[in-house]
Amino acid sequence: MIADGHPLLAAAQHANELRDDLSLEQILDMIHAIATIHGDTRYVEPILRTALEGLRRRTM
(Lines give C-alpha, C1' and ligand atoms only; values in the text may rest on other atoms or scores of the structure.)
Protein backbone atom coordinates (compact mmCIF):
# COMPACT_ATOMS: atom_id res chain seq x y z
CA MET A 1 0.00 0.00 0.00
CA ILE A 2 2.81 2.40 0.84
CA ALA A 3 4.66 1.88 -2.45
CA ASP A 4 1.46 2.29 -4.48
CA GLY A 5 0.22 5.17 -2.38
CA HIS A 6 3.22 7.47 -2.76
CA PRO A 7 2.66 8.17 -6.50
CA LEU A 8 -1.06 8.69 -5.91
CA LEU A 9 -0.43 11.16 -3.10
CA ALA A 10 2.22 12.97 -5.16
CA ALA A 11 -0.19 13.25 -8.11
CA ALA A 12 -2.95 14.65 -5.88
CA GLN A 13 -0.52 17.14 -4.33
CA HIS A 14 0.82 18.14 -7.75
CA ALA A 15 -2.76 18.74 -8.93
CA ASN A 16 -3.23 21.00 -5.88
CA GLU A 17 -5.99 18.76 -4.56
CA LEU A 18 -4.28 17.77 -1.30
CA ARG A 19 -2.06 19.70 1.06
CA ASP A 20 1.63 18.91 0.83
CA ASP A 21 2.74 19.16 4.45
CA LEU A 22 1.71 15.60 5.37
CA SER A 23 3.36 12.36 4.34
CA LEU A 24 1.47 9.28 3.25
CA GLU A 25 2.49 7.60 6.49
CA GLN A 26 0.98 10.45 8.52
CA ILE A 27 -2.26 10.25 6.57
CA LEU A 28 -2.46 6.49 7.04
CA ASP A 29 -1.76 6.89 10.78
CA MET A 30 -4.64 9.38 10.97
CA ILE A 31 -7.01 7.01 9.19
CA HIS A 32 -5.90 4.13 11.42
CA ALA A 33 -6.50 6.22 14.54
CA ILE A 34 -10.00 7.11 13.38
CA ALA A 35 -10.72 3.45 12.56
CA THR A 36 -10.02 2.52 16.19
CA ILE A 37 -12.62 4.92 17.61
CA HIS A 38 -15.42 3.08 19.35
CA GLY A 39 -18.86 4.20 18.34
CA ASP A 40 -21.50 3.76 15.72
CA THR A 41 -21.48 5.30 12.26
CA ARG A 42 -23.31 8.43 13.40
CA TYR A 43 -20.50 9.12 15.86
CA VAL A 44 -17.49 8.23 13.71
CA GLU A 45 -18.60 9.53 10.30
CA PRO A 46 -18.41 13.25 11.13
CA ILE A 47 -14.94 12.74 12.60
CA LEU A 48 -13.74 10.97 9.44
CA ARG A 49 -15.39 13.56 7.18
CA THR A 50 -13.71 16.42 9.05
CA ALA A 51 -10.31 14.71 8.88
CA LEU A 52 -10.61 14.03 5.16
CA GLU A 53 -11.77 17.59 4.44
CA GLY A 54 -8.72 18.79 6.34
CA LEU A 55 -6.48 17.05 3.81
CA ARG A 56 -7.70 19.27 0.99
CA ARG A 57 -5.52 22.14 -0.08
CA ARG A 58 -7.01 25.46 0.94
CA THR A 59 -7.57 27.93 -1.86
CA MET A 60 -7.32 31.57 -0.94
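- Among residues two or more places apart in sequence or in another chain, the side chain to side chain contact (heavy atoms under 4.5 Å, CB included) test is passed with Arg57 by Asn16, Asp20.
- Here Leu22 pairs with Arg19, Gln26, Ile27, Leu55 under the side chain to side chain contact (heavy atoms under 4.5 Å, CB included) rule; sequence neighbours left out.
- Annotation for Gly39 and Val44: closest pair O-CG2, 3.8 Å, computed over non-hydrogen atoms.
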Only distances under 3.5 Å count here; give the side-chain donor-acceptor pairs of residues 2-10 to other protein atoms, sequence neighbours excluded, each with its distance to 0.1 Å.
unit_1	atom_1	unit_2	atom_2	d
His6	NE2	Glu25	OE2	3.1

Residues Met1, Leu24; criterion side chain to side chain contact (heavy atoms under 4.5 Å, CB included); working and verdict: CA-CA 10 Å; Met1 182 186 314; Leu24 177 61; over 6 Å; no

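- In this structure, the side chain to side chain contact (heavy atoms under 4.5 Å, CB included) partners of Asp40, at least two apart in sequence or on a different chain, are Arg42, Tyr43.
- In this structure, the side-chain hydrogen bond (donor to acceptor under 3.5 Å, both in side chains) partners of Glu45, at least two apart in sequence or on a different chain, are Arg49.
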